[in-house]
Asker: 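Let me give you the structure first, and then I'll get to my questions.
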Amino acid sequence: ANVARMLLKQHCDVEVLMTQNATQFINPITFESLTGHKCLVDTFDRNFQYSVEHVALAKRADVVLVAPASANVIGKIANGIADDMLTTTIMACKCKKIVAPAMNTNMFENPIVQDNLKVLEHYNYEVISPAVGYLACGDTGAGKMPEPELLLEYILREIAREKDMKGLHVLVTAGPTQESVDPVRYITNHSTGKMGYAIAKVCMQRGADVTLVTGPTSIEKPHFVNVVPITTAREMFEEVTGRAEEQDIIIKAAAVADYRPRYVSDEKVKKKDDDLALEMERTDDILAYLGAHKTKDQFLCGFSMETENMLENSRKKLKKKNLDMIIANSLKMEGAGFGGNTNVVTVITEDFEKELGKLTKEETADRILDQILAQRDKKMILAIDIGNTNIVLGCIDGDKTLFVERLSTVRTKTELEYAIDIKNVLDIYHIHRDEIEGGIISSVVPQITTIVKLAVEKILKKNVLVVGAGIKTGLNIRIDN
């Protein structure tokens with residue numbers, strides 16, 4: 001019931017199926033009240049609107065969770081037995097199926113049950129390992145149903161976001177580092193790791209294979225992510241650089257110490273009447289190293305926390321460290337900074353700058369990743385055919401035409417007027433100039449060709465190629481003037 005309630009809070013449409021035995025533990029009315037749907041038990045319920053309801057449900061489902069999954073249900077599914085609404089529906093489902101075994105420890109460890117679970121895994125069912133603890137029967141061991149929060153995470157991994165990062169290897173850094181002064185004291189900063197953890201979680205939910213290198217934090221580690229804990233800046237340098245070559249995307253969100261004590265005392269430094277001076281030395285510059293050793297097609301994104309001249313300082317860092325993107329934010333801006341659940345960032349590349357506004361950190365992570373993917377996949381070409389009466393404006397992505405629009409050919413229009421017209425068309429289709437790789441123009445009207453070319457270059461901030469009259473720009477539709 002708790003899982004159903006949590007899914008409803010995520011705006012999911014939840015359908016509950018129960019075995020007859022399950023109704024002895026919880027009344028179906030509980031689920032009906034929660035979900036607003038009839039709780040189905042009987043495959044041949046003639047009082048319901050669907051004549052073959054198990055097939056209808058199977059077609060609608062995006063994911064199936066069987067929890068708790070008894071030895072009986074596991075055995076039925078593994079051996080293709082469909083004799084009630086639950087097992088019949090599962091057999092008809094083509095979506096992701098997740099099974100959470102829960103039973104007495106001896107039953108769970110029984111070789112027959114273990115073999116059945118292996119059969120399910122062979123058929124691409126995901127089996128969640130049961131928790132270890134005190135069981136209803138009085139025994140202690142494996143067999144306890146996992147907490148509802150973990151079950152929810154398994155479901156959200158499958159359905160929360162489109163898998164547009166599937167196949168990508170992503171490394172994220174997060175949190176602070178700690179640099180020892182003596183066995184008791186250390187130097188650190190206010191980073192909580194929340195932003196980096198949100199990025200790692202969203203990358204995982206979008207299908208990426210994620211490694212999170214994290215300094216000491218007090219927040220829960222994201223599930224389904226390879227978490228590598230570190231303490232010092234040197235440890236982070238070694239863990240990140242040792243994994244960097246195999247990554248498609250590296251996002252450095254950690255707040256790494258710039259300096260550390262040159263000497264670390266073996267004993268606690270005693271308080272004295274005099275002032276204490278610590279001699280400090282530079283730590284390894286991880287981002288600079290990554291920028292200098294960036295592999296072909298690898299995307300490198302850094303973070304810049306500033307208290308003054310945020311954009312200017314961030315752009316310097318972008319260039320100096322050979323980054324593809326930098327995420328700038330100011331400690332002084334309301335809604336940004338350490339510890340909170342929101343952030344206000346500006347995404348900066350060599351030719352692009354966009355403030356995202358105040359968002360939750362997960363929303364911020366999503367928007368950052370959208371921009372990273374747009375940068376990695378920049379293939380769009382803006383193609384223009386200038387004729388005597390019409391200008392055909394289109395956007396091409398590989399062999400796909402995203403749109404084709406017509407503008408009137410007006411010889412008296414200025415460069416600025418054409419720029420406004422073309423920008424308005426791009427805005428209609430929600431295409432930003434940074435998503436477009438370049439432009440190409442074919443024209444039979446020489447007197448306005450240069451004006452349109454300059455207008456497009458003003459919008460794209462890129463050079464535009466003029467190929468002359470009679471040469472197709474790649475548009476699927478041409479107007480014969």
Side-chain angles (χ1 to χ4, degrees), residues 153 156-157 160-161 163-177 189 191-233 235-257 284-291 293-295 297-305 317-318 321 323-329 338 341 343 345 347 356 359-373 375-376:
E153 289 296 328
L156 292 181
R157 177 175 61 164
R161 291 175 168 85
K163 301 300 181 279
D164 54 358
M165 296 182 71
K166 188 174 183 179
L168 294 178
H169 290 80
V170 181
L171 187 147
V172 181
T173 68
T177 58
N189 56 63
S191 174
T192 61
K194 285 186 175 181
M195 190 68 247
Y197 279 42
I199 293 171
K201 178 180 178 178
V202 173
C203 284
M204 174 274 294
Q205 290 184 343
R206 292 174 74 155
D209 182 352
V210 185
T211 298
L212 173 64
V213 182
T214 174
T217 68
S218 60
I219 58 178
E220 184 181 4
K221 304 296 185 288
H223 297 285
F224 319 117
V225 166
N226 176 29
V227 178
V228 181
I230 59 90
T231 301
T232 67
E235 289 171 352
M236 181 168 283
F237 177 86
E238 292 172 351
E239 295 293 351
V240 169
T241 57
R243 292 171 165 80
E245 189 174 349
E246 63 200 43
Q247 307 301 322
D248 298 298
I249 300 171
I250 300 176
I251 305 173
K252 284 282 285 92
V256 183
D284 302 289
D285 192 328
I286 304 172
L287 206 50
Y289 179 92
L290 294 173
H293 296 83
K294 188 166 53 175
T295 61
D297 298 327
Q298 188 177 76
F299 194 94
L300 182 56
C301 175
F303 270 67
S304 175
M305 171 67 81
K317 186 175 180 180
L318 175 82
K321 302 195 178 183
L323 308 182
D324 298 293
M325 179 181 289
I326 194 162
I327 310 301
N329 61 347
F338 297 117
N341 294 319
N343 211 344
V345 306
V347 179
L356 299 185
L359 301 166
T360 68
K361 287 188 172 175
E362 278 199 22
E363 290 169 339
T364 302
D366 253 326
R367 298 284 291 276
I368 290 171
L369 293 171
D370 288 343
Q371 294 299 329
I372 289 175
L373 294 182
Q375 290 288 317
R376 289 186 79 251

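Values reported hereafter were calculated over all heavy atoms of this structure, with side chains retained and with hydrogens, waters and symmetry mates removed.
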Asker: Please report the closest heavy-atom contact between Ala233 and Ile286, naming both atoms and the distance.
Answerer: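 In terms of heavy atoms, the two residues are closest at O-CD1, 4.2 Å.
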Asker: Within a strict 4.5 Å, meaning less than it, do heavy atoms of the Ile372 and Ile251 side chains meet?
Answerer: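 Yes; the side chains approach each other to less than 4.5 Å.
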Asker: With respect to Gln298, which candidate in Ile250, Asp248, Ile249 satisfies the side chain to side chain contact (heavy atoms under 4.5 Å, CB included) definition?
Answerer: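 For Gln298, the side chain to side chain contact (heavy atoms under 4.5 Å, CB included) test succeeds with only one of Ile250, Asp248, Ile249, which is Ile250.
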Asker: With a 4.5 Å cut-off on side-chain heavy atoms, are Val347 and Met325 touching?
Answerer: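 SC-SC contact between Met325 and Val347 confirmed.
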Asker: Measuring from Leu171:CG to Thr211:OG1, what's the distance to the nearest 0.5 Å?
Answerer: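 With rounding to 0.5 Å, CG (Leu171) is 5.5 Å from OG1 (Thr211).
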Asker: Can you tell if the side chain of Lys221 reaches within under 4.5 Å of the side chain of Tyr197, non-hydrogen atoms only?
Answerer: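 When only atoms from C-beta onward are counted, Tyr197 and Lys221 do touch, with a gap below 4.5 Å.
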Asker: Using the side chain to side chain contact (heavy atoms under 4.5 Å, CB included) definition, which of the options Val225, Val170, Asn226 pairs with Met204?
Answerer: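 In the set Val225, Val170, Asn226, the residue that makes a side chain to side chain contact (heavy atoms under 4.5 Å, CB included) with Met204 is Val225.
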Asker: If we only count heavy atoms from C-beta on, is the Leu287 to Lys317 side-chain gap below 4.5 Å?
Answerer: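 They are in contact (side-chain heavy atoms under 4.5 Å apart), so the answer is yes.
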Asker: Just so I know, are the side chains of Leu323 and Lys252 near enough to count as touching, which here means a heavy-atom distance under 4.5 Å?
Answerer: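 No; the side chains remain at least 4.5 Å from each other.
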Asker: Using modelled atom types and a 3.5 Å cut-off, is there a donor and acceptor pairing between side-chain atoms of Asp324 and backbone atoms of Cys301?
Answerer: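 A pair under 3.5 Å: no.
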Asker: Could you check whether any side-chain heavy atom of Ile327 comes within less than 4.5 Å of a side-chain heavy atom of Met195, counting everything from C-beta outward?
Answerer: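 No, their side chains stay 4.5 Å or more apart.
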Asker: Measure from the side-chain N and O atoms of Thr217 to the backbone N and O of Gly175, and report whether any donor-acceptor pair falls under 3.5 Å.
Answerer: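 It does not hold such a pair.
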Asker: Which pair of non-hydrogen atoms, one from Val202 and one from Asp366, has the smallest distance, and what is that distance?
Answerer: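 Val202 and Asp366 have their closest heavy atoms at CG1-OD1, 3.2 Å.
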Asker: I need the single residue from Thr360, Thr364, Asn329 that forms a side chain to side chain donor-acceptor pair (under 3.5 Å) with Asn343. Which is it?
Answerer: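 So the option named by the test is Asn329.
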Asker: Side chain to side chain contact (heavy atoms under 4.5 Å, CB included) for Asp370 and Arg206? Distances and angles first, verdict last.
Answerer: CA-CA 11 Å; Asp370 288 343; Arg206 292 174 74 155; 2.8 Å; yes
Asker: Taking all non-hydrogen atoms of both residues into account, name the closest pair between Leu212 and Thr173 and its distance.
Answerer: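 Answer, listing the atom of Leu212 first, then Thr173: CD1-C, 4.5 Å.
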Asker: Closest approach of Ala257 and Thr177, non-hydrogen atoms and distance?
Answerer: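 Minimum heavy-atom contact is N-OG1, 3.0 Å.
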Asker: Are any of the side-chain heavy atoms of Leu356 and Ile368 separated by less than 4.5 Å?
Answerer: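 In contact.
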Asker: Should the pair Glu153-Arg157 be classified as a salt bridge under the 4.0 Å nitrogen-to-oxygen rule?
Answerer: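 Salt bridge between Glu153 and Arg157, a charged N being under 4.0 Å from a carboxylate O: no.
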Asker: If you take all heavy atoms of Phe303 and Ile199, which pair is closest and at what distance?
Answerer: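 The answer is CZ-CD1, 3.7 Å.
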Asker: With a 4.5 Å cut-off on side-chain heavy atoms, are Thr295 and Asp297 touching?
Answerer: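 They are not in contact (no side-chain heavy atoms under 4.5 Å apart), so the answer is no.
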Asker: Could you tell me which non-hydrogen atom of Ala254 sits nearest to which non-hydrogen atom of Ala174, and how far apart they are?
Answerer: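 In terms of heavy atoms, the two residues are closest at CB-N, 3.5 Å.
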Asker: Nearest 0.5 angstrom please: Phe299 CZ to Gln247 CD, how far?
Answerer: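 Going from CZ on Phe299 over to CD on Gln247, the span is 14.5 Å.
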Asker: Quick one, Glu239 with Arg243, criterion salt bridge (Lys or Arg N to Asp or Glu O under 4.0 Å). Give me CA distance, side-chain angles, the key distance, then yes/no.
Answerer: CA-CA 6 Å; Glu239 295 293 351; Arg243 292 171 165 80; 2.3 Å; yes
Asker: To the nearest 0.5 Å, how far apart are OG1 in Thr241 and OH in Tyr289?
Answerer: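 The OH atom of Tyr289 is 5.5 Å from OG1 of Thr241, to the nearest 0.5 Å.
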Asker: So how far is it from Leu156 CG to Gln205 CD, rounded to the nearest 0.5 Å?
Answerer: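 One finds 6.0 Å between CG of Leu156 and CD of Gln205.
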Asker: Spell out, as yes or no, whether a donor-acceptor pair under 3.5 Å connects the side chain of Arg161 to the backbone of Gly207.
Answerer: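 Absent.
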